[in-house]
Amino acid sequence: MTQRINVTDFNLAATLECGQAFRWSRDADGWYTGVVWNEVWRLRQDGNNLEWQCSRGPARGQPNPLPEPRADSRLHDYLTLDLSLPAIVASFPQDAALQQAVEAHWGLRVLRQEPWETLASFIASSTKQIVQIRQIVAHLAERLGENGAFPAVERVARAELPALAACKLGFRAKYLLAAARMVESGAVRLAELPAMEYGRALEELLKIPGVGEKIANCTLLFSCGHHEAFPIDVHVQRSLKRLFPRRKLTPPKIRAHFGPYAGWAQQYLFYAERIRARPA
DNA sequence: CTCCAGGTGGCGC
DNA sequence: GCGCCACATGGA
């Protein structure tokens with residue numbers, strides 16, 4: 001069964017391919033297939049029309065679409081369709097590079113993903129190319145998850161280090177295991193991050209070994225609703241260097257400059273910079 | 001072959 | 001605080 005909803009100021013391709021999610025792939029016919037929570041979703045956009053299919057259960061094999069009465073609200077929530085993109089963009093500074101990125105990729109939205117999967121995925125991301133991050137996440141889901149879903153905190157916490165290393169995590173395996181155990185034990189209160197003040201939530205995540213400012217900010221932005229979180233990786237660093245040549249930039253100054261939705265601005269800069277470095 | 005990838009922790013200074 | 005470097009693995 002296919003549901004159709006009307007969308008405005010939304011760009012499915014940019015949203016799913018901008019590097020914030022690692023489980024989406026595009027078919028030849030324009031459908032995107034991904035695993036969200038424990039379900040397989042398929043999405044396709046044609047102008048203001050968004051088509052959505054959902055099937056519970058196995059990620060492998062043929063999806064078995066089922067009617068989903070509350071589908072619309074879950075889809076709206078995941079895609080952050082409740083926020084006004086024009087209002088967000090209006091809060092951005094007038095930097096030419098940022099305005100160009102917004103124009104080029106209009107409709108890119110920061111998703112609301114599941115916090116544990118997001119934290120784990122970005123722990124796996126350090127000094128890895130996006131294609132490899134996708135492979136690691138797929139390995140984790142296939143080898144440790146149930147029916148293709150990303151493995152729950154408890155599953156990872158009880159895994160052996162070699163089993164994680166077999167998912168191509170390399171030296172990051174010990175960090176993922178530590179993160180799972182700290183979340184499971186309550187040493188890191190992952191579920192409470194969305195309700196915490198930004199600075200407090202950042203400190204909470206920095207308790208985890210292998211999690212620094214970059215990974216913590218990715219988790220806060222992409223899964224905890226902290227839109228001011230501004231992850232700085234090598235690409236964004238390059239972009240900032242061009243925007244502000246020989247300027248001393250601290251994270252608080254950067255967040256102040258880009259405003260309450262600094263993280264959204266960051267994602268436009270990141271995507272534009274990555275395409276600039278590696279044209280499609 | 002070399003260089004680099006959505007980084008971080010540990011070291012010396 | 002800073003500047004290095006190791007860390008696993010694979011793509012370009």
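Protein chains get the first letters and strands the later ones, always in sequence-line order, with residue 1 at the start of each.
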Counting any heavy atom closer than 4.0 Å, what does [X] reach on the DNA or RNA strands: base, sugar-phosphate only, or nothing?
X: A:Gly19; result: base
X: A:Glu273; result: nothing
X: A:Lys214; result: base
X: A:Phe22; result: nothing
X: A:Arg238; result: sugar-phosphate
X: A:Gln237; result: nothing

Sidechain-backbone polar pair: A:Trp116 side chain, A:Pro151 backbone, donor-acceptor under 3.5 Å:
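Present.
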For the pair A:Lys168 (side chain) and A:Gln135 (backbone), establish whether a donor and an acceptor sit closer than 3.5 Å, ignoring hydrogens and angles.
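No; zero donor-acceptor contacts below 3.5 Å.
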With centres under 5.5 Å and planes under 30°, do A:Phe171 and C:dA6 count as stacked?
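No.
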If you check the [X] side chain, which of [options] turns out closest?
X: A:Gln132; options: B:dG6, B:dA5, C:dA8; result: B:dA5
X: A:Gln267; options: C:dG10, B:dA5, B:dG6; result: B:dG6
X: A:Lys128; options: C:dC7, B:dT8, C:dT9; result: C:dT9
X: A:Gln129; options: B:dA5, C:dT9, B:dG9; result: B:dA5

With a 3.5 Å cut-off and heavy atoms only, can you find an N or O donor on one side and an acceptor on the other between the side chain of A:Gln266 and the base of B:dG6?
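Donor-acceptor pair under 3.5 Å: yes.
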So does A:Arg200 pair up with A:Glu204, basic N to acidic O under 4.0 Å?
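A:Glu204 and A:Arg200: salt-bridged.
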With rounding to the closest Å, how many angstrom separate the [atom1] atoms on [N] and [M]?
N: B:dT8; M: C:dG11; atom1: C1'; answer: 22 Å
N: B:dG9; M: C:dG10; atom1: C1'; answer: 23 Å
N: C:dG3; M: B:dG6; atom1: P; answer: 23 Å

Upstream residue (5' side of DNA chain B) when A:Gly210 and A:Phe222 are each assigned their closest nucleotide:
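Taking each residue's closest nucleotide, the earlier one in sequence belongs to A:Phe222.
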Nearest heavy atom decides the nucleotide; on that basis, is A:Ser125 or A:Val211 closer to the 5' end of DNA chain B?
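The residue whose closest nucleotide sits nearer the 5' end is A:Ser125.
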Where A:Leu169 and A:Leu164 come nearest, the two heavy atoms and their spacing:
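The pair with the smallest heavy-atom distance is CD1-O, 3.4 Å.
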Round to the nearest Å and state the distance from A:Ile133 atom CD1 to B:dG7 atom C1'.
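Taking atom C1' of B:dG7 as the reference, CD1 of A:Ile133 is at 11 Å.
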